[in-house]
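FYI, side chains are in, hydrogens and waters are out, and symmetry mates aren't considered; it's all heavy atoms of this structure.
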Amino acid sequence: MALEMTWQRPFRRKGPPVGFRNLGNTCYLNSVLQCLTYTPPLANFCLRNQHSSLCKSWDGHCPFCLVEKRIWRSLNSDILHDAPMNIQRSLELFAKHFRSGRQEDAHEFLRYLIEACNDVCAKLYKARNSQGGKASKGEPDTIVKDIFGGVLQSQVKCLSCEAESNKMDEIMDISLDILHASSLKEAFCRYFQSELLDGNNKYRCEKCKKLSTARKQMSIFQAPNVLVIQLKRFEDIYGGKIDRSIIFEERLALSGHMCRDSQWLQGRDFRNAEISGIGQNSNA
């Protein structure tokens, strides 16, 4: 099913988004749900009840059904404020170690939520295939992967023989260090800055059969349709919080960080990522 990246159908709500009441240290939850509600491809999917119409677990124990119902309610309600109590009462469906009333991290909750919804979709896909006599090989593509999933390439190039070693990693988000950056663009460029492997950090080249000077380069092999970016607000595990403002523009250029061998770019009009949601949480 092709993703609908722009709003495809009118929803009843007019005016500003529904405000969420704080149910006791639930700022992290509220900010994540607001961002997800106004992510067009996910909202389009949920407004059509496309998950719950196929899910056999709608008894309050399916994380994706809870998210779908929450998004549908937020976009089809005329009330000024609401409370996501069903999700708050079911935190263990997303992360077993989360507890109601306790401060949690917004990015951590988002990652667990995306993972939980993806797992449910994968199980549903495999169950439907098994009923039809089809065997599933590997992890299936899901609506969650289609929206948030991407692939990064880590390449190490030996500077002696120019042999290249490439490693692919699937991602659902990117975490950016902002300790030495004042803008999102700068932090993004630093993330993909090449690294020289030399001295005590030389690379063992399989072709040269020795430790060699090499260059390591990260690049985007397949860009997510919706790129989730987390700003690392803490210097380290014992460091203080980086609470200064980070400058960002409405568009973030990704083309300069794409892998040159990426087949994903072929036939695509790909230039920029549009910044469409900002989650603010004191513990994020």
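A salt bridge is absent between Arg48 and Glu68; no separation between the charged side-chain nitrogens and carboxylate oxygens falls under 4.0 Å. Ion pairing between Lys145 and Glu170 holds under the 4.0 Å rule for side-chain N and carboxylate O.
A 4.5 Å side-chain heavy-atom check between Leu66 and Ser90 finds at least one atom pair inside the cut-off. Side chains of Asp105 and Tyr28 form no contact here, defined as non-hydrogen atoms less than 4.5 Å apart.
The two atoms that bring Cys208 and Cys161 nearest to each other are SG-SG, 3.4 Å, heavy atoms only. Here the closest heavy-atom approach between residue Pro140 and residue Lys126 is recorded as CD-CE, 3.8 Å. Between His180 and Arg244, the closest heavy-atom pair is N-NH2, 4.2 Å. Here the closest heavy-atom approach between residue Pro84 and residue Leu33 is recorded as CB-CD1, 3.6 Å. The two residues Gln153 and Gln155 come nearest to each other via the heavy atoms NE2-NE2, 3.8 Å. The two residues Ile246 and Ala181 have their closest heavy-atom pair at CD1-O, 3.7 Å.
Below 30°, between 30° and 60°, or above 60°: for Phe64 and His51 the angle between ring planes is below 30°, a parallel geometry.
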CA sep, side-chain torsions, deciding dist, call: Ile171, Val151, side-chain contact (heavy atoms from CB on, under 4.5 Å): CA-CA 6 Å; Ile171 61 165; Val151 180; over 6 Å; no

Test side-chain hydrogen bond (donor to acceptor under 3.5 Å, both in side chains) applied to Glu108 and His97, step by step: CA-CA 11 Å; Glu108 185 180 7; His97 62 286; 3.0 Å; yes

Pair Asp173-Ile229, side-chain contact (heavy atoms from CB on, under 4.5 Å): steps then yes or no: CA-CA 6 Å; Asp173 58 24; Ile229 296 176; over 6 Å; no

Worked check of side-chain contact (heavy atoms from CB on, under 4.5 Å) between Leu196 and Lys216: CA-CA 6 Å; Leu196 186 66; Lys216 183 178 181 180; over 6 Å; no

Criterion side-chain contact (heavy atoms from CB on, under 4.5 Å) on Asp82 and Arg73, from CA distance to verdict: CA-CA 10 Å; Asp82 201 356; Arg73 179 178 170 88; 2.5 Å; yes

Arg204/Glu206 under salt bridge (Lys or Arg N to Asp or Glu O under 4.0 Å): CA gap, chis, key distance, verdict: CA-CA 6 Å; Arg204 180 168 292 280; Glu206 293 296 325; over 6 Å; no

Derivation and outcome, side-chain hydrogen bond (donor to acceptor under 3.5 Å, both in side chains), residues Ser53 and Asn49: CA-CA 6 Å; Ser53 63; Asn49 298 311; over 6 Å; no

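Looking at Thr26, its side chain never comes within 3.5 Å of a backbone N or O of Gln88 through a donor-acceptor pair. A donor-acceptor contact shorter than 3.5 Å is absent between the side chain of Asn118 and the backbone of Ile114. Without hydrogens or angle criteria, Asn201 side chain to Leu197 main chain gives no donor-acceptor distance under 3.5 Å. Thr39 places a side-chain N or O within donor-acceptor distance of the main-chain N or O of Cys35, the cut-off being under 3.5 Å. When atom types are taken as modelled, the side chain of Asn225 and the backbone of Asp146 share a donor-acceptor pair closer than 3.5 angstrom. No donor-acceptor distance shorter than 3.5 angstrom exists from the side chain of Ser77 to the backbone of Ser74, with no hydrogens or angles considered. Looking at Asn30, its side chain does come within 3.5 Å of a backbone N or O of Arg21 through a donor-acceptor pair. One N or O on the side chain of Arg233 and one on the backbone of Ile242 form a donor-acceptor pair closer than 3.5 Å.
Annotation for Arg70: atom CZ counts as buried by contact number, over 12 foreign heavy atoms lying within 6.0 Å.
Among pairs with a residue in residues 183-196, those fulfilling side-chain hydrogen bond (donor to acceptor under 3.5 Å, both in side chains) read Ser182-Glu186, at least two apart in sequence or across chains. Residue pairs meeting the ring-ring contact (aromatic ring centres under 6.0 Å, His included) criterion with at least one partner in residues 192-213, sequence neighbours excluded, are Phe188-Phe192, Phe192-His257.
Leu152 CG to Ile174 CD1: the interatomic distance, rounded to the nearest 0.5 Å, is 5.0 Å. Residue Cys117 holds its SG atom at 9.0 Å from CZ of Phe148, rounded to the nearest 0.5 Å. In this structure, CG on Leu252 lies 7.5 Å from CG on Leu227, to the nearest 0.5 angstrom. Note: Phe94 CZ to Tyr112 OH = 13.5 Å, rounded to the nearest 0.5 Å. Atom CG in Asp177 sits 13.5 Å away from atom CZ in Phe234 (nearest 0.5 Å). With rounding to the nearest 0.5 Å, the separation of CG in Leu93 from CG in Leu91 is 8.5 Å.
Residues Ile71 and Trp7 share a single hydrophobic cluster, defined by chaining ILVMFWY side chains whose heavy atoms lie under 4.5 Å apart.
For Arg260, the salt bridge (charged side-chain N to carboxylate O under 4.0 Å, His left out) criterion is met by Glu164, not counting sequence neighbours.
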